[in-house]
There are 2 protein chains.
Amino acid sequence: MGATKTEHFTDKQNAIAILAKALGHPARVAIIEYLMKVDTCICGDIVNELPLAQPTVSQHLKELKNAGLIKGSIEGNAICYCINEKALTKLQAYFANISDSLEKKKSTCC
Amino acid sequence: MGATKTEHFTDKQNAIAILAKALGHPARVAIIEYLMKVDTCICGDIVNELPLAQPTVSQHLKELKNAGLIKGSIEGNAICYCINEKALTKLQAYFANISDSLEKKKSTCC
DNA sequence: TAATTAGATTGCAATATTACGATAAAGATT
DNA sequence: AATCTTTATCGTAATATTGCAATCTAATTA
């Protein structure tokens, strides 16, 4: 035990969970926000922005990449990271949909 | 080591991370979706909906509650759970904001 | 080519999460 | 009161995450 039982849930539920999990750490939220702020891709520089050691940052970047939230391409000596719009759009759509439903229902209880 | 260094990040980043982390497991996504589907609060019944043992479900409910995503109130014998709209609205606003920015920038790279 | 730079990988320790059997707590039913 | 129902808690095992020092890799520069 200890491993998540992904096989019992739908693909969509797992997909959302993977994206949410990747954002489930403040350092990774900070990385996304930094990539948003600097508007263009960033080659090098991310490590200096975070209060964490280089291997730790590298690991967080890897997780964001595995989850599909960022893309990284080799740019000479450095690596160019940028946001994967698709993933964030998926999250946006998911929560917009939930908000819509909540709006409509205006639940009568609690 | 092993513990997240929350103190190095902003309150907002930590707040988003807490909400995202709570949704970082398919069972918890499924719980939220179930609460959405049944439109009203649910007293009892959640355990039967999930392919997990009762203590496991109870634990997931606790985590959703700690993160502020759901509310639970005692209803006689059972417990009445429902969605905390505020938390989901916060997530919706966060990702809508990001999507907006991405839309405006139409990044030129990658 | 040697030194430098950017980033990944390895290895490890500390901590957290996931899952569940057993058990407890508390109101409801008989 | 004894039993049932519902949910929480405890204890524990398996696994995952977080963080970093040390090291490695590969392109760059001197």
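Within every chain, numbering begins at 1; the chains are lettered A, B, ... in the order of the sequence lines, protein sequences first and strands thereafter. Keep in mind that the numbers below use all heavy atoms, side chains included, and drop hydrogens, waters and symmetry copies.
- Nearest to the side-chain atoms of B:Ile79 among the listed nucleotides D:dT18, D:dT15, D:dA8 stands D:dA8.
- Considering only residues two or more places apart in sequence or on other chains, A:Gln59 meets the side-chain hydrogen bond (donor to acceptor under 3.5 Å, both in side chains) condition with none of them.
- A heavy atom lying under 4.0 Å from DNA chain D marks the following residues of residues 47-56 of chain A, by number: A:Leu52, A:Ala53, A:Pro55, A:Thr56.
- Listed by residue number, the members of residues 13-32 of chain B with any heavy atom below 4.0 angstrom from DNA chain C are B:Lys21, B:His25, B:Arg28.
- One N or O on the side chain of B:Asn84 and one on the backbone of B:Gly68 form a donor-acceptor pair closer than 3.5 Å.
- In the helix from C:dT1-D:dA30 to C:dT30-D:dA1, the rotation axis of the first five pairs and that of the last five pairs differ in direction by 10°, rounded to 10 degrees.
- Using a 4.5 Å heavy-atom threshold, the side chains of A:Ser73 and A:Tyr81 count as separate.
- Atom CD1 in B:Ile74 sits roughly 11 Å away from atom C1' in D:dA8 (whole-Å rounding).
- Base contact: B:Gln59 has a heavy atom under 4.0 Å from a base atom.
- For the pair A:Glu7 CD and C:dT18 C1', the computed distance is 13 Å after rounding to whole Å.
- In this entry the distance linking NZ of A:Lys62 with P of C:dA6 reads 21 Å, nearest Å.
- Put simply, the side chain of A:Leu50 does not reach to within 4.5 Å of the side chain of A:Tyr34, judged on heavy atoms.
- Residues A:Ile70 and A:Cys82 are not in side-chain contact: their nearest non-hydrogen atoms beyond the backbone lie 4.5 Å or more apart.
- Applying the salt bridge (Lys or Arg N to Asp or Glu O under 4.0 Å) rule to B:Glu63 yields the partners B:Arg28; only residues at least two apart in sequence or on another chain are considered.
- A:His60 is listed as a side-chain neighbour of A:Leu52, based on a closest heavy-atom distance under 4.5 Å.
- Residue whose closest nucleotide on DNA chain C sits further toward the 5' end, between A:Leu61 and A:Thr6: A:Leu61.
- For the pair B:His60 NE2 and D:dT9 P, the interatomic distance rounds to 15 Å; values are reported in whole Å.
- Rounding to whole angstrom units, CD of residue A:Glu63 and P of C:dA16 are separated by 16 Å.
- Remark: A:Tyr81 is not in phosphate contact with C:dA6, judged by side-chain N or O atoms under 4.0 Å from OP1 or OP2.
- Close to D:dA8, at under 4.0 Å from its OP1 or OP2, lies a side-chain N or O of B:Ser58.
- Annotation: side chain of A:Leu35 is in contact with side chain of A:Ile46 (closest heavy-atom distance under 4.5 Å).
- Sorted by first and then second residue, the pairs that involve residues 87-97 of chain A and meet side-chain hydrogen bond (donor to acceptor under 3.5 Å, both in side chains), not counting sequence neighbours, are A:Tyr94-B:Glu33.
- Between B:Leu88 and B:Ile83 the shortest side-chain heavy-atom distance falls below 4.5 Å.
- Contact annotation: the side chain of A:Leu23 approaches that of A:Leu91 to within less than 4.5 Å [non-hydrogen atoms, C-beta and beyond].
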